[in-house]
Every structure is written in structure tokens, then in C-alpha cells.
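Encoded as C-alpha cells, the structure appears first; notes follow it.
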Amino acid sequence: MGRSIYFFGGGQADGDAQQKELLGGKGAGLAEMTRLGIPVPPGFTVTTEVCNAYYAAGRALPAGVEDEIRAAIGRLEPLLDARFGSAEAPLLVSVRSGARASMPGMMDTILNLGLNDEIVRGLAKRTGSERFALDAYRRFILTYADIVLGVPRDRFEEALGRARKQAAARLGVDATRLNAAELERKVPDSLLDPESLAALIQRQKDIVLGATGRPFPDDPHAQLWGAIRAVFDSWKNHRAQVYRKMHDIPEAWGTACNVQAMVFGNLGDDSGTGVAFTRDPSTGERRFYGEWLPNAQGEDVVAGVRTPHPLSRSGAGDGVDDARSLEAQMPEVYAELVEVQATLERHFRDMQDLEFTIQQKKLFLLQCRTGKRTGRAAVRIAVEMAKEGLISQREAILRVDPGSIDQLLHPSIDPSAPKKLLARGLPASPGAATGQVVFSADEAERRAGQGKAVILVRSETSPEDIHGMKAARGILTARGGMTSHAAVVARGMGKSCVAGCSAISVSQGQMAVTLYDDHGHPTDTITVKAGDLITLDGGTGTVYLGAVPTVPAALSGEFEELMVWADAVRRLRVRSNADTPHDARTARNFGAEGIGLCRTEHMFFDEERIQAMREMILADGEAGRRRALAKLLPFQRGDFVGVFREMAGLPVTIRLLDPPLHEFLPQDEAQLHQLSKAMGVPAQDLSRKNEELVEYNPMLGHRGCRLAITSPEIYEMQARAIVEAACEVAAAGIEVEPEIMIPLSMTRRELAITRALVEGVAEKVFAEKGRRVDVRFGTMIELPRAALVAGELAEEAEFFSFGTNDLTQTALGISRDDAGRFLGAYVEAGIFARDPFQSLDVAGVGELVEIGRDRGRAARPGLKLGVCGEHGGDPSSIAFFERAGLDYVSCSPFRVPVARLAAAQAALAAESARGPRATD
Ligand code: ADP
Ligand code: MG
Ligand code: MG
């Protein structure tokens, strides 16, 4: 282990921004800001290595660390002209967690450490405010008891309530009929007078003694050791573990611990605290953006207890000049902050998220980190920064998480739909979401588990709610600002969130909503209960009653631009899976370069067609089957004409019938009788036939090209429909590129038979129409045997498409339809890092893909290789397909932009793996 402590202060720092692994993001940021000459309260960082050593030793601080910490405190004292543990010139510190990756609110931080009964008197003298000193002390006891001593916060609530009542009595406020929330509003913390606070402190200490059997620790050093341990312990608390799992953060990283001199934002109205973003984290707009609270400390802004004010006069963005803004209240401090934020953004070359505190008009920065942002903001910021010359186009491409742009492609509230406005709050995280109201995280998780869409409604959220937020479609809070916990977490998750909606109040399992008229006068109150439907529009901060229809996404200019840049560096082609002309158009609008999988079976489910399909399946003998197929032919041809027209000039891969036939059969008695009438066949005969078709294991049964081996007329009809459609569209002067794909092949002979069949039909059609079109013939590779004998298959096939859904299913021997019962446990236990049906199992299935590629290309150089299946739209799988040198991926229409970006990033990664470029 290297050194344990990295000091920062007085314009110098041992560490810097590069050392996130060792110092955590917070520690590295504090060091870097200090180096830049930005005002930061001095302090030091205990490294993540110490945290790991602490766990390795069974939760004990390694030898020598305590001495190093004492020495570092010794270095702090002269900088502040104060002493830790002294009553004359008390030095208070905060003890702050901070891991390599930001985990907002997941771990613990303790403020105002270093107080006892004697020192608090010194603090009062030094600051000239007894009230302030006592308030700091009681807050410290509360957090320390909760975090270090394991006496939960709510055990102190009654004592706090009593103090408020005492203060109320002194203020002449009648508190008899007020509930806790009302009492807090009437007597906020700032109105607690010294006597009530002193009594409260004594009561808090009694509670600690009662709960732990020991007095609250008086010795500042003892407090410090306890706090440092607690910060390390918080790395493994429940909510941090949940968060790590969600964001793939390894447990082995550990957290650093920052000990830093306190500055006080609660020393009066010339003090305050706030958070800021160098650009708008919701829209990405380039404007300095943030919130603050006067006379407040640390967590007050994020905790959402008081709704904060904007930083700039025009902060609310509605043209109203806000007199409560920092700009209006303290113009010099605001100007300094604007300068600091500009310096930081230029230095880090990315949007920064800042925490600051103002102590009696003096500005201090307490944190800076790369700001979390919505997908929309990520795109806009990356593109604009590239245009401003701050970053290169390549960096811009790499800056946007492909997963996050998914949100941009999803529908928003239909502006013309009738809707009932319920309330307005802050537009905390964009997107439309409809769901049943739930009032607790557990309930959200429970109902979501039953497949319900839910909206989590809370007064405010806290890190304990994280599992419920994850389960919900959207989040609505009554209190808190744009940087409240709910807002920050929702943006990170890409979920719709309306925060600080003051018209609602939540209690006892229901929400009361005050309705207002146009002049802002309350007109009525209505009650919304658990299970009622509401709709959130997180982009405007609006809440509607009931379900409101949505409209498809419109892509912004920046988004198009980023896609153009991505397309310029990408090697993999991106196609889409689309079964209908409508899907084909959507896919093309999103930039698809062809259709990689057109499933023909979905075309059979229409009312008029399913009947013919059933007749075909249940017919006795070939003649009956052909009669039924003849009815289907015009439908199929019509569908293909539509798809070819939409995809003019681009390849369209059509897969012939794949699923087991029983999927098309009547599901109930009524359907059976209707069919019997239509076919003139007794119902019993039909139901016997129905039973004959039942398979024990249909996924491994009579399906795919096996259907064509026993009943070639099905594929014949489909081939005819495709080729006729292609000729028809070509005759209209539109370029067509049909590709016929055989599913589930595993032997060369299967392909030889189906190929002869398809080619035979094609020749006939060409003769009939007097025109030829190029029709390519290929197969899916979705069985391990197919990958192994790919060399033989390639002799018959001009292209392969890896059907990675079935290939995963058959390679792993795991049925996709039954995997839900245990795959979760497999991921939990770390057997699979991710669900192999979502993210390709590179070691196993990936190896089959590579074998198929090598053997196929060896037999037929230039063999075209693609992927269809869920993995075609999954960024990490796409990275593998790029490395594997496939020609294209195919994914659902809405994933096309995601795949384009992921493919570009994969290409850039492959390029930098090959070595540095000459330019850029
Ligand atoms: P988190 O990681 O949850 O944001 P922090 O360690 O940043 O936790 O601290 C929580 C709050 O306390 C923040 O608002 C921070 O600005 C404030 N804070 C931390 N250290 C100090 C300090 N030395 N002086 C004043 N405020 C502080
Ligand atoms: Mg913080
Ligand atoms: Mg398949």
C-alpha cells in the first residue's frame, strides 16, 4: 500500500483529477479544484486502498493510519487558524464518503464533527451566534447517532417535535392542533431558540445513552475514528449494494474518505448553500443552472425539505425575474460562481455538477464532478461542445451512452389529446409515463412485479426508495427541487419525474390534490388513491389524471448531427427487424440500412388470414393445403410489395415460416366451432387434429425448415409471394433487393432441398412475368450444429444471419420462455454477468458465432454475415459483433439509432486498440 493520506489546501494538493481510483471522484475533484486556485475548504483524503485494507483486516483501520491522520489534522490547523478539539478556536470537519464512480446519496457523510458541550460554547463565541452553534451541535448528534452509533434518525423525531412546541409557545404560536409537518412549517429549524435547542441536545444525548448504554462520545478524536469507520462501512450498506448492482460498479473498488474543514452556510442570510450545473442537465442547454437556499447547510438543498430558489434571475426560464435568486441576493458571489463554473467546465471539458456553500458572502466549492444528465441533454451537450471546439467529434460520439438515447426515441404526451390537468411541478426528468399510483417503494416493486405500470408518489424520495424508483415508470414528489434526490436519480435512470409538486400532499396512503384556477386561487381538492391512474409529463412538469395518449418521438437537430458523425466512423451496417410496411418506414426513418429480419408469421395473424392459415394446417392432404395457401398468397404478396416499396434500394431479408404450426390453431371452443362451420368439417375432427399437433417441446419440435421438408407447399407459396412482389415493385421502377432466409437449418441437405424449391419457384415466376430480379438465398445460424458445419452450409447459402436468440437458447440449453424463473438468480449469483438473452454470452455463444464465421467464410469468401435477435440492439453485444468482423446487425426499429451509435463507438474502440492515430 502506498501513502494513506492525500492533503489539499492552501492552493496545493498531493493528488489530482487523474487519481479517482485512489481518491474517489470527490477527493480527486477537491484536489484538482484546489490546484486550480478555486476556493475549497482544506482537508485530506484517506484512500480507497485504506478502505480495502480496512475490510481485509475484518473492519479495522490499518496500523499507522491513525497517526497519519493526526499529522494531517495538524497540517490543517494553521491554515484555518483553529484547532481540532479546542474550545477557543474550534476546528470542525466533515467526514465524507466518495467512491470512484459517483453514487449520489448512497453512502454516508457526517457534518459538524468535533463538537462537545465545551467546544460548542467556543463555537458560539467565535461565530457570535449561540443559536447557530447549538443547531450545528444537535444536527451533528443526530447524524452521528444515526450513522455511526446505529440509533435511527426517527428515534429523535419526538424530541425535535417537543423542541418545536417549546419554541412555538415562546413565539406565541398555537401548536395544539398541528401535525408534525404543519408544526415544522410553522416553526422551522431557524426558529428554534437557544433554550429549546439546549434542551433538545440534552434529550438527544439521553436517547443515545438509553439506546446504546453509553454516553455520546465527547472526545473529537474518538468521534473522528468512529466517523471514518462508518464511511468505510457505508460502502457495504444495502442501498449502496443495490446501486452498485444497477450500475455495474465492482465491490472491490472501495470508497475513499474525505475529512474537510467545515464552512457554514447557515450563519444567517448572507450565507447559503446550493448546487449548480454548468449546463442544463435536463435539456442540455448551455446556460448556468442551479439552485440554492439561503441560511442552510449541506444536505438541505438535496433533501427537498425546503424548495430552493434558482441561482440566476431568469432561472425559472419563464421570463420572470426572480428576486430570491442568488444573482439578485448576492451579485458579487454569483459573479464569482459563474467564473468558477466556466473555469471548471473548460478544465474538465465536460458538463460539471457543483456543490457550493457561501459563508458570510464568501464562496467555497465543496464538490465537482461530471454531471449526470438525461439522454437528450447528453446528445445536445456532446454536439455543442464539439462545435464549440471543446472536444472532438470522436469524443462527442464516445460521450453519449447509447443506452441513454433510448429515452429520446420514446413517445411523448399527445398535445392534442383531451386531458385532465391535475397539478404542476418541476420538469425534473423528461418523458411521458402513465401508471397506477403507489405510495411506497415496496408497493411499487410489488405491483411492478405483477406486470403493472406504476407511478411512485412520495413527499420526497430518499436513497431507501431506490428499488421502488427502479420498478416505477415515473416518479412524482411533493417537495424538493430540480436537484432533489428524486430528480437526480430519475434522470440517471432515464425515468420521467415531476418533482416539487406543491399542490399535492401525501399522507396515509392517499394523495390530496389542490386544484387552482387561472389566477392561482385554490378551487377544489380531490383525492387520488393507490391504484388510480395518472400520467406524468416530466418534460413540462405536468401531472394529469388518468391515462393520456402519446405521440412518437421527434428527433432533434443535434441528435441527427451526432448520428451523421457516428455513421461516418461506423463500419458495421445497421438493419432493422420489421414485419410490416409501417415498421419498415419507422426503421428507415431511424436510419436502418435494410431489413435484417422480416418475420412472415406475424402476417398470418390478421382476422381474415388466420382462418385460411388454420384451414391450411388442418386440411387433409396436399390438395386441401394448396387450396388454403392459394387464399394466403395475395395477402403475403401485398405485404411484401409494401415492405419493398418502403425499403426501396435497400436489402430486405425475409425469413420463411418458422414457428410450430400449433401456434396458429384455435385457442378455444368458440373459435373451433367457427372454423368448423367455415370449413364444413365436424368440430370433433378438427379438435382431434388439433391434439395431434401438440408437441412436448415445440421449440425443439416441428418448426423452421422442418415444416418445408414435410410440407414444401408452404415455402413454395411464400417464395412465390416474395418473388412476385419483387417483380411487381421492380416493374414500377423501384429497386428491390430481396433475400430469402431459411430458419433453423442444421444440415446442408435441408438447405439444398429448400434452395431447389425456392429457385424453382423463382424461375417459374420470372418466366411468367418476363422479368428477372436478383434474389439472394441464405440461412439463419441458430443451432450449434449449424455453426459447426457452417462450411457445408455456406456452399448452399449466400449469407448467414446469426439468430442469437435461438442460438443462445440451444447453446445454453435454456428455454427462453422458462428462464424467467431462475435466470435472475443466476445473474444475482454472478454466474452470468448479465442476462444472456439480452447481452450476448461472448465466451460461449460468441465462440459459436466466430466458428460459424470462420468456417463459412473459408468455404465462401465474401459470405455476408449478420445478426438478428435482441443482441443486435445491445451495445455491449454490438461491440463484440464489431470485433468479430460481422457485416451488419439487425434490431427493432426503435433501437436502430442506439445500434448506430454503439457501432460507431465499437469502431472507435477497435481503432484505438489497433494503435494511436496520426491525427486527433
Ligand atoms: P454526497 O456524496 O451524498 O453528496 P457529500 O459528502 O457531498 O455527500 O456531503 C453532503 C453535503 O454536505 C453536501 O451538500 C456538501 O456540500 C456538504 N458538505 C460536505 N462537507 C462540507 C464542509 N466541509 N462544509 C460545508 N458543507 C459540507
Ligand atoms: Mg455531494
Ligand atoms: Mg429462431
Side-chain angles (χ1 to χ4, degrees), residues 579 581 595 597-601 603-604 609 612-613 615-617 619 621-645 647-658 661 704-745 747-780 793 795-799 801 860 864:
D579 305 337
I595 290 181
L597 176 63
C598 176
R599 304 178 187 85
T600 48
E601 56 269 20
M603 298 174 170
F604 294 133
R609 311 175 183 195
M613 189 67 187
E615 286 178 37
M616 190 276 292
I617 297 167
E622 194 188 323
R625 276 201 296 278
R626 284 194 185 276
R627 256 198 313 280
L629 284 167
K631 294 188 199 166
L632 287 170
L633 177 69
F635 290 120
Q636 284 250 284
R637 188 176 50 223
D639 292 332
F640 296 138
V641 166
V643 171
F644 288 145
R645 282 177 177 276
M647 299 309 283
L650 297 175
V652 176
T653 307
I654 298 167
R655 179 181 69 186
L656 301 187
L657 191 66
D658 180 47
L661 295 180
C705 63
R706 297 163 199 173
L707 295 168
I709 302 299
T710 57
S711 314
E713 56 282 354
I714 301 177
Y715 278 19
E716 266 174 49
M717 181 279 285
Q718 293 197 294
R720 174 169 280 277
I722 293 167
V723 180
E724 285 183 358
C727 289
E728 184 181 327
V729 173
I734 296 168
E735 218 180 301
V736 281
E737 261 189 69
E739 301 181 328
I740 293 182
M741 181 160 77
I742 303 298
L744 216 73
S745 61
T747 67
R748 177 178 181 169
R749 189 82 189 115
E750 284 168 321
L751 283 186
I753 292 171
T754 46
R755 181 183 179 182
L757 179 155
V758 166
E759 285 176 356
V761 170
E763 287 306 323
K764 255 190 250 165
V765 175
F766 295 153
E768 287 163 22
K769 305 275 172 195
R771 116 180 359 258
R772 304 187 69 86
V773 291
D774 257 342
V775 181
R776 246 171 276 159
F777 181 87
T779 184
M780 295 188 75
L793 300 188
E795 312 244 339
E796 304 289 347
E798 294 166 274
F799 66 88
S801 177
R860 183 191 287 264
K864 199 164 20 149

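Source: prediction; values computed, not measured.
- Among residues two or more places apart in sequence or in another chain, the side chain to side chain contact (heavy atoms under 4.5 Å, CB included) test is passed with Glu735 by none.
- Salt-bridge check for Glu763 with Arg772: passed, with a basic side-chain N closer than 4.0 Å to an acidic carboxylate O.
- The closest donor-acceptor contact from the side chain of Gln718 to the backbone of Leu657 lies under 3.5 Å.
- Using a 4.0 Å cut-off between charged nitrogen and carboxylate oxygen, Glu601 and Arg655 count as a salt-bridge pair.
- The shortest distance between side-chain heavy atoms of Arg720 and Lys764 falls below 4.5 Å.
- Applying the side-chain hydrogen bond (donor to acceptor under 3.5 Å, both in side chains) rule to Ser745 yields the partners Thr779; only residues at least two apart in sequence or on another chain are considered.
- Taking CG from Leu632 and CZ from Phe604, the interatomic distance works out to 5.5 Å, rounded to the nearest 0.5 Å.
- The pair Glu737-Arg776 meets the salt-bridge criterion, with a side-chain N (NZ, NE, NH1 or NH2) lying under 4.0 Å from an Asp/Glu carboxylate O.
- No side-chain heavy atom of Thr653 sits less than 4.5 Å from a side-chain heavy atom of Lys864.
- Contact check on Glu716 versus Arg626 returns a salt bridge, with a Lys/Arg side-chain nitrogen under 4.0 Å from an Asp/Glu carboxylate oxygen.
- The shortest side-chain heavy-atom distance between Leu656 and Ile714 does not fall under the 4.5 Å cut-off.
- Side chain of Thr710 to main chain of Leu707: a donor-acceptor pair is present (N/O by atom type, distance under 3.5 Å, no hydrogens or angles).
- In terms of the side chain to side chain contact (heavy atoms under 4.5 Å, CB included) criterion, residue partners of Glu795 (sequence neighbours excluded) are, by chain and number, Arg748, Ala859.
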